[in-house]
Number of protein chains: 2
Amino acid sequence: MVKDISTEQRILEAARRVFMKKGMAGARMQEIADEAGINKALLHYYFRSKDKLFEHILMEVVGRIATSLKSMMELDIPIIQRLCFFVEIYVDVLMENRYLPLFVLTEINQNPERFASMIREHIVVNMQDFIVQLEDEIEQGKINPVHPLHLVSSVLGMIIFPFAAFPLIEEAMGDNFAPLARNFLNQRKEVVKEFVINALTPKNHDK
Amino acid sequence: MVKDISTEQRILEAARRVFMKKGMAGARMQEIADEAGINKALLHYYFRSKDKLFEHILMEVVGRIATSLKSMMELDIPIIQRLCFFVEIYVDVLMENRYLPLFVLTEINQNPERFASMIREHIVVNMQDFIVQLEDEIEQGKINPVHPLHLVSSVLGMIIFPFAAFPLIEEAMGDNFAPLARNFLNQRKEVVKEFVINALTPKNHDK
DNA sequence: GTCTATAAGTAGATAGAC
DNA sequence: GTCTATCTACTTATAGAC
């Protein structure tokens, strides 16, 4: 019953890379096998079908996102700090895997039913806590009134875009792009955090 | 030589819908044929191959984007107004076709070479004009100093996200979603315009 | 567990009748 | 121009040897 961890692990890592980059429809079992240094038959030995393998990767990815969201919501800090913290770690994650957001968004759009329960269980729950805290701080006058979904949409959009549009940014930056790219993406942290602070910090009319 | 416009047009519209929703890899010629109310053979009669048909749709889509960008850059208005105008029309476009941004971004990532020349010719050129004007207004002290690519990334990201993450937003909003969705997406216009204005309008320390 | 060989199914492309 | 039928190539999946 004890499977060889090393091979299974190599398959999973290869599958993650290929699925992330090509998506479910564009990925090929042959490519995953090559990437893992084995042959197609073994893929089916370990994970019966392409669909099952994909599902596995999906759960792993969504699970990881959910876990980091959850652990972040457990810290007892003001909403502004919470968002700034989120920006920091999320940009770092995307630096390691720029295909993540486009992959997740594409697959959700392709097959919303498959995600409905995952989203409800893992994402919406954390959202609820976030909304409660946000409305709480608004009521206390600590921050400006904002619509939680608009705030989240803005922050996520601002973070995700440069990674999703990476080849576009590359082209826009021109020749000496490579050395600048990492720098630009790192600057995003400050840009987005500045947005959060400006959007939420009250203007202090009575100062 | 005069082809039957009606059929060719129906094919193109069907292809656009299917490609937009499923992407190049996920789209099926059979589905496009069904959607157009004809059979597969006719698709090949009109557009030799799937790749050619896809290329056609791609050019059409990118061309339309480039045209609206260009016409917008021809207006002689301040940068803030230009961006606000852009937000207005772009959100309206996405209301009609929410798959547009995810489609374009995915395909660019899938096949950057295919887009390199298009991007340089159509997008980067308009970007250059935009950057010149931006830096000009910054120098004149009319607006705050900002990095053009960061500004564009923020605005595009803020606009695109709710459309790209539509099923997520849907789930987050819960049951009575349908009536609220259109409203929420329309509010985006004001939210993003407010960001543009806040980010660029000088604080007037000497007032 | 891992491989080679092959089956089974799917999708793009073509032939040829009308 | 449009259709049905068919071919070819590719991709997933399985059989069976080692």
Side-chain angles (χ1 to χ4, degrees), chain A residues 1-61 99 103 106-107 109-111 113-114, chain B residues 1-61 99 103 106-107 109-111 113-114:
Chain A
M1 195 59 217
V2 178
K3 284 177 192 162
D4 181 73
I5 299 292
S6 170
T7 299
E8 184 170 336
Q9 211 54 36
R10 275 190 9 247
I11 291 176
L12 283 173
E13 273 160 36
R16 189 168 42 72
R17 276 198 296 276
V18 175
F19 277 133
M20 285 277 177
K21 189 163 179 181
K22 305 285 181 75
M24 168 62 177
R28 295 287 166 263
M29 294 297 264
Q30 183 62 59
E31 193 179 349
I32 296 175
D34 293 347
E35 187 97 2
I38 52 159
N39 62 34
K40 283 187 297 177
L42 256 197
L43 291 183
H44 287 92
Y45 174 76
Y46 279 91
F47 303 90
R48 276 240 326 273
S49 69
K50 182 184 179 183
D51 205 71
K52 290 264 197 306
L53 179 54
F54 180 71
E55 192 81 20
H56 215 274
I57 300 298
L58 214 52
M59 288 302 187
E60 187 187 300
V61 170
Y99 293 106
F103 169 76
T106 300
E107 300 303 337
N109 272 285
Q110 229 45 240
N111 206 341
E113 320 80 47
R114 186 175 225 159
Chain B
M1 193 64 215
V2 178
K3 283 179 193 161
D4 181 70
I5 299 293
S6 169
T7 299
E8 185 170 335
Q9 211 54 37
R10 276 192 6 249
I11 291 176
L12 282 173
E13 274 161 35
R16 189 168 43 73
R17 276 197 296 276
V18 175
F19 277 132
M20 286 276 177
K21 189 164 178 180
K22 305 283 182 76
M24 169 62 178
R28 295 288 166 260
M29 293 297 264
Q30 185 61 59
E31 192 179 351
I32 296 175
D34 292 347
E35 186 96 4
I38 54 161
N39 61 34
K40 281 189 298 176
L42 255 197
L43 291 183
H44 287 92
Y45 174 77
Y46 277 91
F47 301 90
R48 276 239 327 270
S49 69
K50 182 185 180 184
D51 204 70
K52 290 263 198 305
L53 179 54
F54 180 71
E55 192 81 20
H56 215 276
I57 299 299
L58 214 53
M59 288 301 186
E60 188 187 299
V61 170
Y99 295 106
F103 168 75
T106 300
E107 299 302 336
N109 272 285
Q110 228 46 241
N111 206 342
E113 319 80 48
R114 186 177 225 158

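Throughout, protein chains are lettered first and strands after them, A, B, ... in sequence-line order, and every chain is numbered starting at 1. Worth knowing before you read on, the calculation uses all heavy atoms, side chains too, and leaves out hydrogens, waters and symmetry mates.
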Counting heavy atoms from C-beta on, name the nucleotide in [options] closest to the side chain of [X].
| X | options | result |
| --- | --- | --- |
| A/Tyr46 | C/dT2, C/dA15, D/dG1 | C/dT2 |
| A/Met29 | D/dA13, D/dC3, C/dT4 | D/dA13 |
| A/Leu42 | C/dA13, C/dC3, D/dT4 | C/dC3 |
| A/Ala41 | C/dT4, D/dT2, C/dT14 | C/dT4 |

* Asked: Are the side chains of B/Glu113 and B/Asn111 in touch, meaning some heavy atoms are under 4.5 Å apart?
  -> yes
Whole angstrom is fine here: how far is it from [atom1] in [X] over to [atom2] in [N]?
| X | N | atom1 | atom2 | value |
| --- | --- | --- | --- | --- |
| A/Gln9 | C/dG1 | CD | P | 14 Å |
| A/Gln30 | C/dC3 | CD | C1' | 13 Å |
| A/Tyr45 | D/dG16 | OH | C1' | 14 Å |
| A/Lys50 | C/dA11 | NZ | P | 11 Å |
| A/Lys40 | C/dA7 | NZ | P | 14 Å |
| B/Phe19 | C/dG12 | CZ | C1' | 11 Å |
| A/Ile32 | D/dT12 | CD1 | C1' | 11 Å |
| B/His44 | C/dG12 | NE2 | C1' | 5 Å |

Using a heavy-atom cut-off of 4.0 Å across all strands, would you classify [X] as base, sugar-phosphate, or nothing?
| X | value |
| --- | --- |
| B/Ala25 | nothing |
| B/Ile38 | sugar-phosphate |
| B/Ala33 | nothing |

* Any side-chain donor near an acceptor of the partner, A/Asp34 and A/Gln30, under 3.5 Å -> yes
* Asked: What do you reckon, is NE2 of B/His56 surrounded by more than 12 foreign heavy atoms closer than 6.0 Å?
  -> no
* Are the charged groups of B/Glu107 and B/Arg114 less than 4.0 angstrom apart, N to O? -> no
* Non-hydrogen atoms of A/Met24 and A/Lys50 that approach each other most closely -> O-NZ, 3.0 Å
